[in-house]
Amino acid sequence: MKAKINALLIKAIDLLYKDNDFSIEIVKTKSEMHGDWSSNIAMIVAKKKKENPKELAQKIIKLIPSEDWLEKVEIAGPGFLNFFLTKQGNLNYLKNLLKDKKSYFPFEESNKKNILIEYVSSNPTGPLHIGHGRGAAFGSALSNLLRKCGNKVTEEYYVNDQGLQTKILAESVHKKYLEKFDLDTSEIDDTNFYKGEYIDELALKIKTQKKDLYLKIENESNFINYIVEEMMKDIKATLENFQVKFDSFYLESFLYDASKTKKTKVNEVLEDLKSEYSFNEAGALWFRSTKFGDDKDRVLIRSDNQETYFLSDIAYHKDKFLRGYDELINIWGSDHHGYLPRVKASLKALKLSPESLKTIFIQFVSLIRKGKKTSMSTRSGEFITLNQLINEVGVNAARFFYLAKKSDQALEFDMDLAISQDKNNPVYYIQYAYARICSLEKELKKREMTFDLDEGINNLEKLKNKSELEIISFLEAYKSIIEQCYKNYEVHPICFYLRDLASKFHSYYNSETIISDDQISRNAKFALLIGIKRTIKSGMELLDIETPEKM
RNA sequence: CUCCUGGUAGCUCAGCUGGAUAGAGCAUCUGCCUUCUAAGCAGAGGGUCGCAGGUUCGAAUCCUGCCCAGGAGGCCA
């Protein structure tokens, strides 16, 4: 409908000015006094052409032909054009939705892309905590949306499976492991060690499974790999538990692997940057990132010969480009925002287009328990793991709480509120609406009545009361919400929409008896319910939240 | 010190690519279960949109300054 109105307006303006370069808005109205759809076109164009908005609006109206779906167009306020649709016009969307045998989805990208989306990528030095959970929920939901809109999407987790931090992790575990055998570890300097409970648990697991095999470590890198694998097992299990499914886990060590090719991918990057963009200073190798807009130059290889994570990150990003994607998406914690300029600088140096890389930052999650804020730190071991959260509030509620807030805004996760499963949880409210519709269908069968969808579709005109008309119109708004989310790489508006839709349904349910004796009107009402049901299902599937048929 | 986010109802947040009377949920108060699921509904109260200027027909939205909160600025990740 929006597209139809848009076409009429563009044509009218084109006739008047031979110009259609305007960014106009066509929105669903909030009040029925303003009709069904509203446009600010007259005010936008009037400004550019220095005319009076109301007079211009008058001219535009004269150029709008009569259409069977259009009742009338009015001018209101400072120059809004308000479109009042005929009954037919308003029913178009719902009819299409109901006629589609498959699951209806209101938007499809015309220029389909092959997208790589990287998220979570938590270091395997500890279990996932509630901060990672937010990135996981958002990344998976956004992937669903991008895919549902017609794109090919690959979800990837980048694993920093080597380097200094994994070494420290292995040492931390090993110390605990030694202590399990009552060995004296007081000589070991553990100031930088990881301290969480999981270290102790892992040490115990190793003792149980491998006995005294690692009392003396013969091959350090093998031991590190072993520990990292154990951590990743745990992380993967948590992700699966949380409805997050990755297509690939990309190992950092692969970038240093020379077994298949002569040169490692990291070495290739070092050559790419050689002499022109890198230099030696104080025993270290630097990347001249200032040449590409970064604040300062960055170290690639430290004076102790240790490669920085930045170096392998460059190689990783280069590899992403070489794998042939149209678009790369990174979902990073907001503490990495200072990191982006140097990555973009490296892309420019490698003559790869930084515009193809879209980075979305996820703000911190802090935890509130019994009114007290808890700080999160992997190293000190003070955190709530994602597993704990799932166990306490459930996957569905956890996902919804994460997704219902704009991702670039800090989130205060109130455990006590999320734990309370009784009433405060908006998830149940939406699920309940869905279950109620399912329940009505069951009740219908129980009373040995039938539902004929085609008859319902053909009699939608019979739906006349206020809440029915409002819902019919609101169902169409789903399309705009999806388009907006798709365009802006966000998902929280879906949460708000579903809540509103559920609310309108509950209200309707309470004001009307759905199962009536009049077959025609009953079918029409059930057709409307099916529209609601499919829309809720569609939205919840994007969020990966369950829609039980019974509660 | 520099940069990035944010400041909207008692609380948690939408709205921010300028538009019509600033919206939800929770909490509070008043009603509604012999009737399709009360995990629900109907109604009420609650606001100097951090402060001050500016841009214009119009500003919560854009610009500038200030105040407050959080974050980033390493040969840490």
Side-chain angles (χ1 to χ4, degrees), chain A residues 23 25 27 29-31 33-34 38-40 43-44 46-47 52-54 76-80 82 122-123 125 160 163-166 168 192 281-286 295-310 313 333-341 361 363-364 366 368 371 378-379 401 404-406 408-414 417 420-433 435-444 446-447 449 484 487-488 492-493 495-497 499-500 502-503 505-516 525 550-551:
Chain A
S23 143
E25 216 168 54
V27 295
T29 55
K30 287 171 201 156
S31 149
M33 278 169 57
H34 301 141
S38 176
S39 176
N40 62 353
M43 291 177 286
I44 297 292
K47 187 162 206 165
N52 180 309
K54 285 195 172 183
F80 288 103
N82 291 334
S122 157
N123 281 355
T125 52
N160 287 111
L164 190 61
Q165 296 305 314
T166 56
I168 295 174
N192 283 323
E281 193 179 295
L285 182 70
W286 297 69
D295 297 350
K296 49 183 88 169
D297 294 327
R298 309 289 174 176
V299 172
L300 297 170
I301 300 177
R302 306 187 334 194
S303 52
D304 63 2
N305 229 19
Q306 171 85 46
E307 296 91 346
T308 61
Y309 282 81
F310 177 48
D313 276 346
S334 65
D335 52 336
H336 283 67
H337 81 80
Y339 199 70
L340 188 58
F361 293 101
Q363 275 286 354
F364 285 108
S366 57
I368 295 183
T378 305
R379 198 172 292 265
F401 267 69
K405 191 160 176 182
K406 204 166 48 178
D408 62 357
Q409 175 114 235
L411 173 68
E412 293 195 342
F413 207 114
D414 190 330
L417 188 75
S420 73
Q421 296 222 351
D422 46 2
K423 52 186 170 187
N424 296 347
N425 237 315
V427 188
Y428 296 122
Y429 185 83
I430 298 165
Q431 289 178 327
Y432 185 42
R436 260 185 163 171
I437 294 174
C438 295
S439 168
L440 283 167
E441 291 177 287
K442 272 179 220 143
E443 182 65 23
L444 197 67
K446 207 166 132 195
R447 297 189 193 180
M449 291 170 162
Q484 180 204 332
K487 192 173 128 209
N488 296 338
H492 67 277
C495 299
F496 286 90
Y497 174 83
R499 221 265 159 211
D500 288 345
S503 168
F505 163 73
H506 286 308
S507 176
Y508 176 50
Y509 177 90
N510 275 277
S511 68
E512 282 277 313
T513 304
I514 311 289
I515 302 179
S516 61
K525 283 177 181 172
K550 209 169 87 183
M551 289 177 75

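The sequence lines fix the lettering, A, B, ..., with proteins before strands; numbering per chain opens at 1. FYI, side chains are in, hydrogens and waters are out, and symmetry mates aren't considered; it's all heavy atoms of this structure.
Listed by chain and number, the residues in a side-chain hydrogen bond (donor to acceptor under 3.5 Å, both in side chains) with Q484(A) are E490(A) (sequence neighbours excluded). Listed by chain and residue number, I24(A), E25(A), M43(A), I44(A), F80(A) satisfy the side-chain contact (heavy atoms from CB on, under 4.5 Å) test with N40(A) (two or more places apart in sequence, or in another chain). K487(A) meets the salt bridge (Lys or Arg N to Asp or Glu O under 4.0 Å) test with no other residue; sequence neighbours excluded. Taking N510(A) as the reference, R436(A) meet the side-chain contact (heavy atoms from CB on, under 4.5 Å) condition, with sequence neighbours excluded. A search for side-chain hydrogen bond (donor to acceptor under 3.5 Å, both in side chains) contacts involving N305(A) returns nothing, not counting sequence neighbours. Checked against salt bridge (Lys or Arg N to Asp or Glu O under 4.0 Å), E512(A) has the following partners two or more places apart in sequence or in another chain: K525(A). Applying the side-chain hydrogen bond (donor to acceptor under 3.5 Å, both in side chains) test to Q306(A) and every residue at least two apart in sequence or in another chain returns nothing. With sequence neighbours left out, Y508(A) forms a side-chain hydrogen bond (donor to acceptor under 3.5 Å, both in side chains) with E468(A). Looking at residues two or more places apart in sequence or on another chain, you find a ring pair (Phe, Tyr, Trp, His ring centres under 6.0 Å) between Y497(A) and F474(A), Y478(A).
A donor-acceptor contact under 3.5 Å is formed by the side chain of S38(A) with the base of A20(B). Donor-acceptor pairing under 3.5 Å, judged by distance alone, is present between the side chain of S303(A) and the base of C75(B).
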Atom pairs, protein N/O to nucleotides 56-62 of chain B N/O, distance under 3.5 Å:
unit_1, atom_1, unit_2, atom_2, d
G58(B), O6, K47(A), NZ, 3.0

Legend entry - Bracket string, RNA chain B, 5' to 3' - pairs by Watson-Crick or G-U geometry under 3.5 Å, | interstrand: (((((((..((((.....[...)))).(((((.......))))).....(((((..]....))))))))))))....
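Aromatic stacking of H34(A) on A20(B): satisfied, with centres closer than 5.5 Å and planes within an angle under 30 degrees.
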Legend entry - Per-nucleotide protein contact string for nucleotides 12-17 of chain B (B base, S sugar-phosphate only, - none; heavy atom under 4.0 Å): SSSSBB
